[in-house]
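Proteins come first, then strands; the chains are lettered A, B, ... in the order of their sequence lines, and each starts at number 1.
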Amino acid sequence: MLRLFKKGKELYKYRVLIQNLVSRELKARYRGTILGFLWSFFNPLLLMIVYTIVFGFIIPSRFPGFGENRLVYALFLFCGVLPWTWFASSSLESANVLMVQGNLIKKILFPVEILPIVVVTSNFVHFVFGLPILFLFALIMLKKFTIYILFLPVVILVQFVFALGFSLIVSSLTVHFRDVKDILGNMLTLWFFSSPIIYPVTFATIQRNKWLRLLLDINPMTHIMQGYQNCVFFGEMIRWRRLGVTFLVSLVLLVVGYAIFDRLRDSFPEEV
Amino acid sequence: MVVIDVDNVTRIYQKYSSRHRFKTFKSSFVKGDFFKALKPDELVTALDNVNFKVREGTTFGVIGENGSGKSTLLKIITGIAKPTSGRVSVQGKVSALIELGAGFHPEISGRENIYINGIMLGLTKKEIAHKFDDIVRFAQLEDFIDAPVKTYSSGMYMRLGFSIAINVNPDVLLIDEVLAVGDAAFVPKCLDRIDDFRRRNKTILFVSHDLSTVEKICDQVLWLKEGKMRMIAEPKRAIDAYLQDIAEMQEEEFEFRQKAIEEEVAKEEEVEDRREGRWGKKEIEITKVRVKSIEGKEKHVFSPDEGMQIEIDVKAKSRIKDFVFGIGIFNSQGISCYGTNTESEDFEPLSIEGTGRVICRIAKLNLINGTYYLDVATHKKDGYPYDYHRKMYAFMISSLHKDVGVFRPAHSWSFSPDIKIKPPPTKKA
């Protein structure tokens, strides 16, 4: 534990590198496109427009408690999909990152955990670029902002810790078991539907079945997603207790993930 | 002060046989040998008890064949790989020229790559900004520095990598065979930089196959063979021992080839048709040809300064009065380097019957590096062949000389005093 802490501290020295690698990732992603950085805004914007058209006009969906505005479901959906995309793409990219950067690991001495950290961070930046779109539509559709939006950073922090822990595990395991990548792809789809993203937790079918409720309760993503929905969509206070427990779970995941990563570290230069 | 201390380092790699190596969960679960599969059934010892110290300000060379563990050693010294047992300690900032430009991102510009690569190698942003112009100038990339690295040629890529690594200004510089890709203008520049390093009393570990460079710049040389230390000595001695070893291995290979030829020669007796490589009715048969040193020891790898004996065993079926013995030396391009026979040197054949032996002595070969083939023949004065062996025997010249051409006449250089020229460094033997 102490060893991990020490290594974590050492990592702090590399913050400039992390910062540079993240900005490199972001620059490289849109290099060669005409709109460049604007894509970070356009992508979520277009997604939101598609949702609005599909779920507002083609298959109007109404959940109890959403009021009479039939466009509002698209916003609810977007509110969950945006942070989920951050989580899903950082997990998937992490699964590959050690192999993709294999050359680097073999030739240069640096703390390899930087690579998954960079993946999670650069996807985080993308997520942040999507937030203005979320706020904009919230303003248009709900016509109100509540003070609770200020708690958003708390939710984001919890998700960051969770995503980082998960990415560390995924990235180090994939080196030894290449299957993790494919398993992960399918698992994320399942996970997506077992988290309250396309439906609210208050959905009647769920509330009636105690097994479904339990399943949702033990899923950390449930509480994270709920956090976003509370802050932006419902304009309610976040559930401190649930989110607090989730934060602790995320911290444990981070420590365990880092321990696994650290344990396998020496094998990376040979196996990637 | 000892800067690099390699203490009893052993590195064992696990080699998974293809049967046991599992790449997927599936195979390991389906066969139920998950844990069995995890156990490697073969180990490869890449480094075996390697032990040396490098003192501050010296240049230490490492030589050896491919797969002798040189790169593993460098990786362990940089800390990228861990020794299985033993200990390595390095004092001061290390910069490794192992693979240049590792970590360049192709999509972003050279400028941004310099920053990221520099930070990875341990520089601060400020230091890089300070050295930026030097790096670019040294790499000769002033006009391309803002273009994405994917548009660079491999030479530009390498120059940029080298330039960054050398500008890290390390206390210890590790160089692994990176100069091999540079062009004629860049390599001397790199060597200059390395010399500059040496003058500033920095420590260099130099791994290379370019033995003449090793001999020129190193103070001490380690020769690795199959992961074991064969010798640590001053350069000339270690390189000579290494070359000697290579020559012995080539010798073995030649012997193997020779044996195959001899078998063929033996078979020839039964098949009486003319074929490429050997012809003639064998009125005087060449039964055996040996290449030997002047001392009479059979060998096939010679230095240009050595002499050679060609020993030819012959057998005449009847008493013959008209005969000539000849030899010819051809290089690998088929160019005749030398040819002579007893007739052109005015020997007068009288008679031959039964078995006999002809020896041609060459006092000094004076040939350049390469493989050579021998023609050996017995024939009549008018050219009618008794037994002609065309390029059936081979030998090799191996030396550090880099001269070109067909042969190496004995020579020396001298200059008038107004010509400023540095003689080749003669290392104290």
Side-chain angles (χ1 to χ4, degrees), chain A residues 10-11 13-33 36 95 97-112 114-115 118 122 173-184 186-187 262-272, chain B residues 11 13-16 22-29 34 38 46 71-72 74-84 90 94-109 112-126 128 148-150 161 165 174 176 178:
Chain A
E10 197 191 298
L11 215 54
K13 281 192 288 191
Y14 281 87
R15 65 194 181 283
V16 184
L17 179 59
I18 295 176
Q19 192 188 319
N20 270 275
L21 285 174
V22 169
S23 81
R24 176 182 89 170
E25 275 318 302
L26 298 175
K27 277 179 195 156
R29 184 170 302 193
Y30 295 120
R31 182 59 48 107
T33 59
V97 73
L98 297 192
M99 264 76 74
V100 172
Q101 305 282 9
N103 204 23
L104 209 58
I105 297 172
K106 282 184 197 162
K107 311 290 185 217
I108 298 181
L109 181 69
F110 70 105
V112 181
I114 283 181
L115 296 175
V118 166
S122 61
L173 285 185
T174 315
V175 172
H176 289 269
F177 306 101
R178 305 285 157 116
D179 308 52
V180 169
K181 218 167 30 192
D182 297 284
I183 294 171
L184 186 71
N186 293 299
M187 196 179 93
D262 198 44
R263 183 76 213 288
L264 295 174
R265 178 194 304 274
D266 288 347
S267 62
F268 294 156
E270 285 162 50
E271 296 284 342
V272 293
Chain B
R11 171 74 224 211
Y13 281 113
Q14 306 180 338
K15 181 168 134 198
Y16 298 88
F22 66 95
K23 281 214 166 59
T24 60
F25 275 137
K26 187 197 123 239
S27 63
S28 56
F29 282 136
F34 185 85
L38 273 174
S71 297
T72 307
L74 272 200
K75 276 186 186 173
I76 286 178
I77 292 173
T78 51
I80 294 168
K82 299 270 179 298
T84 310
V90 184
V94 182
S95 178
L97 302 182
I98 292 187
E99 191 166 303
L100 299 170
F104 281 173
H105 194 297
E107 291 287 345
I108 63 174
S109 71
E112 287 158 310
N113 269 310
I114 288 180
Y115 275 96
I116 288 172
N117 218 254
I119 292 170
M120 281 198 148
L121 295 174
L123 290 177
T124 64
K125 244 179 154 165
K126 230 196 223 156
I128 300 170
V149 165
K150 67 173 173 187
L174 310 175
D176 185 8
V178 285

Portion of Gln101(A) that has a non-hydrogen atom of chain B nearer than 4.5 angstrom: neither
Nearest 0.5 Å please: distance from the OH atom of Tyr115(B) over to the CG atom of Leu17(A). 15.0 Å
If you round to the nearest 0.5 Å, how far is NZ of Lys107(A) from OG1 of Thr78(B)? 10.5 Å
Using the side chain to side chain contact (heavy atoms under 4.5 Å, CB included) definition, which of the options Lys125(B), Met120(B), Glu112(B) pairs with Asn20(A)? Lys125(B)
What heavy-atom pair brings Lys106(A) and Lys75(B) nearest, and what distance separates the two atoms? O-CE, 3.6 Å
Separation between CD1 of Ile116(B) and CD of Gln19(A), rounded to the nearest 0.5 Å: 10.5 Å
Check whether Ile105(A) gets within reach of chain B through its side chain, its backbone, both or neither, counting any heavy atom under 4.5 Å. backbone
How many angstroms lie between atom CG of Leu109(A) and atom CG of Leu121(B), to the nearest 0.5 angstrom? 10.5 Å
Find the distance between CG (Asn117(B)) and CG (Leu104(A)) and round it off to the nearest 0.5 Å. 8.0 Å
CA sep, side-chain torsions, deciding dist, call: Lys27(A), Glu107(B), side-chain contact (heavy atoms from CB on, under 4.5 Å): CA-CA 8 Å; Lys27(A) 277 179 195 156; Glu107(B) 291 287 345; over 6 Å; no
Any chance you could measure Glu25(A), atom CD, to Ile108(B), atom CD1, to the nearest 0.5 Å? 8.5 Å
